[in-house]
Amino acid sequence: MTSPFTHRIEVRFRDCDAMGHVNNAVYFTYFEQARAVMAETLGLRRELSQAGLGVILAHTSCDYKAQVVFGDQVEVGVRVVRLGRTSFTSEFEARRVRDDAVVAVGKAVQAVFDYDAERTTPIPDGLRAKLEALMTGPVAAS
């Protein structure tokens with residue numbers, strides 16, 4: 001997968017389970033961290049908050065491909081693969097840095113949410129343009 005945004009993560013001892021490899025639930029944290037850093041880097045969170053909106057997670061999934069252990073580094077790539085009226089879908093690919101092996105792939109569906117109205121709301125035009133850029137290739141931080 002070619003990812004317009006990547007984020008590198010150092011595997012911590014606390015990420016590992018009794019079997020010595022990264023616990024399955026931790027991959028969701030890696031994906032979340034990559035999403036959060038991407039949103040901050042590209043100004044997505046700031047843009048939503050200025051409009052009084054936020055983003056909620058509606059669905060997430062992960063397929064595990066290979067083990068990762070303490071001391072490894074993982075690079076998580078993120079790309080947007082679908083834009084709806086109120087939601088968007090991102091895909092993730094986690095690669096072990098030392099050998100470039102794909103260790104996990106995942107998906108997340110997020111919806112733009114109006115907390116005052118307690119409902120989803122259409123994706124604002126400015127945010128839509130930034131998300132579209134994440135579908136087509138590398139993007140510059142704002």
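Quick note: numbers below take in every heavy atom, side chains included, and nothing from hydrogens, waters or symmetry partners. Worth saying up front: this structure is predicted, and the values here are computed from it rather than measured.
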Original post:
Does any non-hydrogen side-chain atom of Val22 lie less than 4.5 Å from one of Val69?
Top reply: no
Original post:
With sequence neighbours left out, which residue pairs that include part of residues 109-124 fulfil the side-chain hydrogen bond (donor to acceptor under 3.5 Å, both in side chains) condition?
Top reply: none
Original post:
Within a strict 4.5 Å, meaning less than it, do heavy atoms of the Leu53 and Pro124 side chains meet?
Top reply: yes
Original post:
Within a strict 4.5 Å, meaning less than it, do heavy atoms of the Lys130 and Glu47 side chains meet?
Top reply: yes
Original post:
Is a salt bridge present between Arg128 and Asp125, judged by a nitrogen-to-oxygen distance below 4.0 Å?
Top reply: no
Original post:
Do Val97 and Val78 sit in the same hydrophobic cluster, where Ile, Leu, Val, Met, Phe, Trp and Tyr count as joined when their side-chain heavy atoms come under 4.5 Å apart?
Top reply: no
**OP:** Verify the cluster assignment for Val80 and Leu48: are they in a single hydrophobic cluster under the rule of side-chain heavy atoms below 4.5 Å apart?
**Re:** yes
Subject >> Which atom of Pro122 lies closest to which atom of Thr86, heavy atoms considered >> reply: N-CG2, 3.7 Å
**OP:** Drop me the distance from Leu134's CG to Ser90's OG, to the nearest 0.5 angstrom.
**Re:** 7.5 Å
Original post:
So, Thr60 side chain and Lys107 main chain: donor-acceptor pair closer than 3.5 Å or not?
Top reply: yes
Original post:
Taking only residues at least two apart or on different chains, which pairs with a member in residues 44-66 satisfy ring-ring contact (aromatic ring centres under 6.0 Å, His included)?
Top reply: Tyr27-Tyr64
Subject >> Salt-bridge contact Glu75-Arg8 (side-chain N to carboxylate O under 4.0 Å) >> reply: yes
Subject >> Beyond-backbone contact of Leu83 with Met135, side-chain heavy atoms, under 4.5 angstrom >> reply: yes
Original post:
Can you find a heavy atom in the side chain of Asp15 that is under 4.5 Å from one in the side chain of Tyr30?
Top reply: yes
Subject >> Test item: Arg96 side-chain N/O and Gln67 main-chain N/O as donor-acceptor pair under 3.5 Å >> reply: yes
Original post:
Roughly how far apart are Arg35 CZ and Leu57 CG, rounded to 0.5 Å?
Top reply: 5.0 Å
Subject >> Hydrophobic cluster identity match, Ile9 and Phe5, side-chain contacts under 4.5 Å >> reply: yes
Original post:
Are the side chain of Arg45 and the backbone N or O of Glu40 linked by a donor-acceptor pair below 3.5 Å?
Top reply: no
Subject >> Candidate pair Ile123 and Arg85, rule side chain to side chain contact (heavy atoms under 4.5 Å, CB included), full reasoning >> reply: CA-CA 6 Å; Ile123 298 170; Arg85 190 175 74 79; over 6 Å; no
Original post:
Looking at NE2 of His21 and SG of Cys16, how far apart are the two atoms once the value is rounded to the nearest 0.5 Å?
Top reply: 8.5 Å
**OP:** Flag yes if Leu131 and Val55 sit in one hydrophobic cluster, no otherwise; membership is Ile, Leu, Val, Met, Phe, Trp, Tyr, and two members link when side-chain heavy atoms are under 4.5 Å apart.
**Re:** yes
Original post:
Parallel, tilted or perpendicular: which describes the rings of Phe92 and Phe31, with under 30° parallel and over 60° perpendicular?
Top reply: parallel
